[in-house]
Chemist: 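This structure is in structure tokens; I'll ask about it shortly.
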Protein chains: 2
Amino acid sequence: MPKSRSEIPVATVSRLALYLRELQQLQRGATVHVRSQSLAERLGLKDSQVRRDLSCLGPVGQRGVGYPIADLIIAIERVLGTDRAWNVILVGAGNLGRALSGYKGFDQQGFRLVAVFDSDPNKIGSKVEEFPVQDLDTLEFFVANTQIDLAILAVPASAARSVASRLEAAGIAGILNFAPIAVQSSGSTTVQDVDLAIELQRLAFSVVRNQRPH
Amino acid sequence: MPKSRSEIPVATVSRLALYLRELQQLQRGATVHVRSQSLAERLGLKDSQVRRDLSCLGPVGQRGVGYPIADLIIAIERVLGTDRAWNVILVGAGNLGRALSGYKGFDQQGFRLVAVFDSDPNKIGSKVEEFPVQDLDTLEFFVANTQIDLAILAVPASAARSVASRLEAAGIAGILNFAPIAVQSSGSTTVQDVDLAIELQRLAFSVVRNQRPH
DNA sequence: TAGATTGTTAATCGATTAACAATC
DNA sequence: TAGATTGTTAATCGATTAACAATC
């Protein structure tokens, strides 16, 4: 029996996205089915973990055969919510923002950039991808008149909180925050933080741990 | 008693980096001590979790007073390994690579970019920050003659595995992988993956879960 | 001392894993 | 049917939390 979204463990959700990525790659080949063991090997996991994770989707596998790749992709996308397109705005047209706007992976997973905002007069009017950078002051007006689901926040830490609360007030459902500061999600807006420096620190920790095992 | 690095839970390590970020911000103010409750509030955690995490560093707090910010920063940096500088190379001078090379947060945490590589003849010789893009073919020679600790991998998925194994063979201790593909860390090289599309998918999941709670 | 906050214990909660019955 | 692989159970492992004694 498929689990409801609220019952699916967060750890499983992250891995479902990983499975999806592998499956999409496999689908470009000729294979129709994939075994839990093969998925596990590709991602460095245990096969029993893969099966347990996939069992959250309902009985989508075929005993003795494996999981049908096409069905699995559909089932995972349905759970993740990426079986439909998501309209995304980018706030912050600095180096990182510009790079993110051109990131192929977003588009491939159904995330559609529809507008770019910045507060810097020197940037307003210039183009990021095919989008003219709009004045941050027009954010609320734009969001009120367009169906926007998510925002990518790539502004300096000093501006992140005020922009985030404006996005929340404007009714944005989710924020992917690249600013290196904790942004509180007060209301119904979900915030997902990505701190690149922290990722590098975690890597550094793993390295020093491996170098001096005791 | 301080725990040895190998005893510190991975979940704690991620949060130690978060604490460090908050503490560095606090240090710019006038406060000398911080209480576990205050740190917890800023990051949306429980105070008991903050205390348990910080207890991995040894008895660094002062009962009745709080944690001395300066000491705490030193203790966390020592555990994470960021009490010294790390030399980092960037492989892949596309949009994302260029943005990462200019990312302030890396430098602030002691990660020092020392060279940039790409295989595209059109990019080789051009400058990224102050660094001329070097031919990927000279990677091994460069690494053999310079003290390099980490590599940021920002190449297309199709190239990621071969570049990663070259980095491993060259003796790089850690790879921060931005390519949307699982890179196996066969030997002593540690790989830390950052998949931006997956972060957006996790956000999408949280949003649909919140929207339809049952 | 009195008040406050840490450090640590014990209980709870959640996630991972091995094993195997179910079944394609 | 025989062989293979899933789906699921039960056991293990690890992380979180509340509570409070220790102590500044």
Side-chain angles (χ1 to χ4, degrees), chain A residues 1-19 23 26 31-72 75-76 79 202 205-206 209, chain B residues 1-19 23 26 31-72 75-76 79 202 205-206 209:
Chain A
M1 197 171 317
K3 286 194 177 179
S4 83
R5 279 202 186 88
S6 53
E7 288 168 329
I8 300 180
V10 281
T12 295
V13 172
S14 299
R15 284 191 299 267
L16 285 175
L18 282 174
Y19 302 147
L23 293 163
L26 282 167
T31 39
V32 174
H33 295 90
V34 65
R35 284 171 295 121
S36 56
Q37 202 189 65
S38 144
L39 263 182
E41 269 171 23
R42 285 164 157 265
L43 292 164
L45 305 170
K46 302 274 173 178
D47 55 341
S48 54
Q49 175 147 84
V50 172
R51 288 197 299 279
R52 177 160 264 270
D53 286 340
L54 296 181
S55 74
C56 294
L57 307 169
V60 71
Q62 292 171 10
R63 291 174 202 234
V65 182
Y67 298 87
I69 293 174
D71 295 2
L72 205 46
I76 295 177
V79 165
R202 289 169 59 187
F205 174 83
S206 307
R209 172 154 64 183
Chain B
M1 195 172 319
K3 286 196 176 177
S4 83
R5 280 204 187 88
S6 54
E7 288 167 330
I8 300 180
V10 281
T12 295
V13 172
S14 299
R15 284 191 300 266
L16 285 175
L18 283 173
Y19 302 147
L23 292 164
L26 282 168
T31 41
V32 173
H33 294 90
V34 65
R35 284 172 294 123
S36 56
Q37 203 188 66
S38 144
L39 264 181
E41 269 170 23
R42 286 163 157 266
L43 293 165
L45 304 170
K46 304 274 173 177
D47 55 341
S48 54
Q49 175 147 83
V50 172
R51 288 197 298 280
R52 176 158 265 270
D53 286 341
L54 295 182
S55 74
C56 294
L57 308 169
V60 72
Q62 293 171 10
R63 292 173 202 235
V65 182
Y67 299 87
I69 293 174
D71 295 2
L72 206 46
I76 295 178
V79 165
R202 288 169 58 186
F205 175 83
S206 307
R209 172 155 63 182

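Just so we're on the same page: letters track the sequence lines, and every chain starts at 1.
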Chemist: For B/Leu54 and B/Val60, work out which heavy atoms get closest and say how close.
Modeler: O-CG1, 4.4 Å
Chemist: Tell me which residues in residues 35-44 of chain A lie within less than 4.0 Å of DNA chain C, going by non-hydrogen atoms.
Modeler: none
Chemist: Given side chains that start at C-beta, do those of B/Leu72 and B/Tyr19 come closer than 4.5 Å, heavy atoms only?
Modeler: no
Chemist: For a quick check, tell me whether the side chain of A/Arg52 and the base of C/dT17 share a donor-acceptor pair closer than 3.5 Å.
Modeler: yes
Chemist: Starting at CG of B/Leu72 and ending at C1' of C/dT5, how long is that distance when rounded to a whole Å?
Modeler: 14 Å
Chemist: At 4.0 Å (heavy atoms only), tell me whether A/Val60 reaches a base, stays on the sugar-phosphate, or touches nothing.
Modeler: sugar-phosphate
Chemist: Please report the distance, rounded to the nearest Å, between CD in A/Gln49 and C1' in D/dT9.
Modeler: 16 Å
Chemist: Using side-chain contact (heavy atoms from CB on, under 4.5 Å), reason through B/Arg15 and B/Leu43 one step at a time and then give a plain yes or no.
Modeler: CA-CA 9 Å; B/Arg15 284 191 300 266; B/Leu43 293 165; over 6 Å; no
Chemist: Check the phosphate of D/dG7 against A/Tyr67, side-chain N and O only, distance under 4.0 Å to OP1 or OP2. Yes or no?
Modeler: yes
Chemist: Within this structure, what is the OG-CG distance for the pair A/Ser36 and A/Leu45, rounded to the nearest 0.5 Å?
Modeler: 11.0 Å
Chemist: Quickly work out the A/Arg15 CZ to C/dT16 C1' distance and round it to whole Å.
Modeler: 8 Å
Chemist: Quick one: A/Lys3 NZ to D/dG7 P, roughly how many Å, whole number?
Modeler: 13 Å
Chemist: Name the residue closer to the 5' end of DNA chain C, choosing between B/Gly66 and A/Pro9 according to the nucleotide with the nearest heavy atom.
Modeler: B/Gly66
Chemist: Grab the stems for DNA chain C, please: at least three consecutive Watson-Crick or wobble pairs, both distances below 3.5 Å, written as range with range.
Modeler: C:3-24 with D:3-24
Chemist: When rounded to the nearest 0.5 angstrom, what is the spacing between CZ in A/Arg51 and CZ in A/Arg35?
Modeler: 11.5 Å
Chemist: Which atom pair, heavy atoms only, marks the closest approach of B/Gly61 to B/Pro68?
Modeler: CA-CD, 4.4 Å
Chemist: Rounding to an integer number of Å, can you tell me how far B/Glu7 CD sits from D/dG14 P?
Modeler: 12 Å
Chemist: From A/Thr31 OG1 over to A/Leu26 CG, what is the distance, rounded to the nearest 0.5 angstrom?
Modeler: 5.0 Å
Chemist: Any chance you could measure B/Leu39, atom CG, to B/Leu18, atom CG, to the nearest 0.5 Å?
Modeler: 10.5 Å
Chemist: Please report, rounded to the nearest Å, how far the P atom of C/dT8 is from the CG atom of B/Leu54.
Modeler: 12 Å
Chemist: What distance separates B/His33 NE2 from B/Tyr67 OH, expressed to the nearest 0.5 Å?
Modeler: 12.0 Å
Chemist: What are the two closest heavy atoms between B/Pro2 and B/Leu57, and how far apart are they?
Modeler: CB-O, 3.6 Å
Chemist: Taking atom C1' of C/dT5 as reference, at what distance in whole Å does atom CG of B/Asp47 sit?
Modeler: 10 Å
Chemist: Could you state the interatomic distance from CD (A/Glu7) to CZ (B/Arg209), rounded to the nearest 0.5 Å?
Modeler: 10.5 Å
Chemist: For the pair made of NZ in B/Lys46 and C1' in C/dG14, what is the distance, rounded to whole Å?
Modeler: 15 Å
Chemist: Sugar-phosphate means primed atoms, P, OP1 and OP2; the rest is base. With that split, encode nucleotides 19-24 of chain D 5' to 3' as B, S or - using protein heavy atoms under 4.0 Å.
Modeler: BB-BBB
